[in-house]
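For reference, the structure is listed below as C-alpha coordinates.
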Amino acid sequence: MPTNVWVAVHPNGWAVKREGSERATQTFSTQAEAIAHGRALAKRDKVEFILQGRDGQIRKRDSYGNDPYPPKG
(Lines give C-alpha, C1' and ligand atoms only; values in the text may rest on other atoms or scores of the structure.)
Protein backbone atom coordinates (compact mmCIF):
# COMPACT_ATOMS: atom_id res chain seq x y z
CA MET A 1 0.00 0.00 0.00
CA PRO A 2 1.45 3.41 -0.92
CA THR A 3 2.40 5.75 1.91
CA ASN A 4 1.87 9.49 2.32
CA VAL A 5 4.17 11.93 0.53
CA TRP A 6 6.13 14.57 2.46
CA VAL A 7 8.04 17.61 1.18
CA ALA A 8 10.66 18.79 3.66
CA VAL A 9 13.82 20.86 3.78
CA HIS A 10 16.98 18.91 2.90
CA PRO A 11 20.70 19.80 2.97
CA ASN A 12 20.62 19.86 -0.86
CA GLY A 13 17.43 21.97 -1.08
CA TRP A 14 14.03 20.28 -0.76
CA ALA A 15 13.26 16.58 -0.53
CA VAL A 16 10.26 14.50 -1.49
CA LYS A 17 9.96 11.55 0.90
CA ARG A 18 7.59 8.70 1.58
CA GLU A 19 6.23 8.52 5.11
CA GLY A 20 8.43 6.32 7.29
CA SER A 21 11.37 6.41 4.87
CA GLU A 22 14.78 7.70 5.90
CA ARG A 23 15.91 8.42 2.35
CA ALA A 24 14.48 11.00 -0.02
CA THR A 25 12.70 9.79 -3.14
CA GLN A 26 14.14 12.79 -4.95
CA THR A 27 15.69 16.18 -4.08
CA PHE A 28 15.10 19.53 -5.75
CA SER A 29 16.82 22.90 -5.60
CA THR A 30 13.52 24.78 -5.14
CA GLN A 31 10.51 24.18 -2.93
CA ALA A 32 8.15 24.76 -5.87
CA GLU A 33 9.72 21.90 -7.85
CA ALA A 34 9.50 19.58 -4.85
CA ILE A 35 5.85 20.51 -4.24
CA ALA A 36 4.91 19.85 -7.87
CA HIS A 37 6.59 16.44 -7.84
CA GLY A 38 5.22 15.51 -4.42
CA ARG A 39 1.64 16.48 -5.35
CA ALA A 40 1.86 14.45 -8.55
CA LEU A 41 2.97 11.37 -6.57
CA ALA A 42 0.23 11.85 -3.95
CA LYS A 43 -2.47 12.25 -6.63
CA ARG A 44 -1.24 9.22 -8.55
CA ASP A 45 -1.14 7.02 -5.45
CA LYS A 46 -4.29 8.55 -3.86
CA VAL A 47 -2.53 9.37 -0.57
CA GLU A 48 -2.01 12.46 1.57
CA PHE A 49 0.42 15.24 0.61
CA ILE A 50 2.18 16.95 3.54
CA LEU A 51 4.32 20.09 3.22
CA GLN A 52 6.78 20.98 5.99
CA GLY A 53 8.27 24.44 6.35
CA ARG A 54 11.93 25.20 7.06
CA ASP A 55 11.14 25.10 10.80
CA GLY A 56 9.77 21.54 10.57
CA GLN A 57 6.17 22.60 11.20
CA ILE A 58 3.48 21.24 8.90
CA ARG A 59 2.35 24.09 6.63
CA LYS A 60 -0.17 22.28 4.45
CA ARG A 61 -1.93 18.93 4.13
CA ASP A 62 -3.98 17.79 1.15
CA SER A 63 -5.70 14.43 0.86
CA TYR A 64 -6.00 12.86 -2.59
CA GLY A 65 -7.42 9.55 -1.50
CA ASN A 66 -9.40 8.09 1.33
CA ASP A 67 -9.76 11.15 3.57
CA PRO A 68 -10.23 9.95 7.17
CA TYR A 69 -11.93 13.23 8.14
CA PRO A 70 -14.28 14.32 5.36
CA PRO A 71 -15.98 17.67 5.98
CA LYS A 72 -19.66 17.58 6.90
CA GLY A 73 -22.22 19.47 4.93
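Cluster membership check: Trp6 does not share its hydrophobic cluster with Val9, using side-chain heavy-atom separations under 4.5 Å among Ile, Leu, Val, Met, Phe, Trp and Tyr.
Taking all atoms of both residues into account, the shortest heavy-atom contact from Ala34 to Val16 is O-CG2, 3.4 Å.
Looking at heavy atoms from C-beta onward, Val47 lies out of side-chain contact with Thr3 at the 4.5 angstrom threshold.
Applying the salt bridge (charged side-chain N to carboxylate O under 4.0 Å, His left out) test to residues at least two apart or on different chains, the pairs with a partner in residues 33-44 are Arg39-Asp62.
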Extract all donor-acceptor atom pairs below 3.5 Å that involve side chains of residues 49-60 and protein atoms in other chains or at least two apart in sequence.
residue, atom, partner, partner atom, Å
Gln52, NE2, Gly56, O, 3.0
Asp55, OD1, Gln57, N, 3.0

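Interatomic distance, CG of Asp45 versus CZ of Arg18, reported as 4.5 Å (0.5 Å rounding). Taking CH2 from Trp14 and CD from Gln31, the interatomic distance works out to 4.0 Å, rounded to the nearest 0.5 Å.
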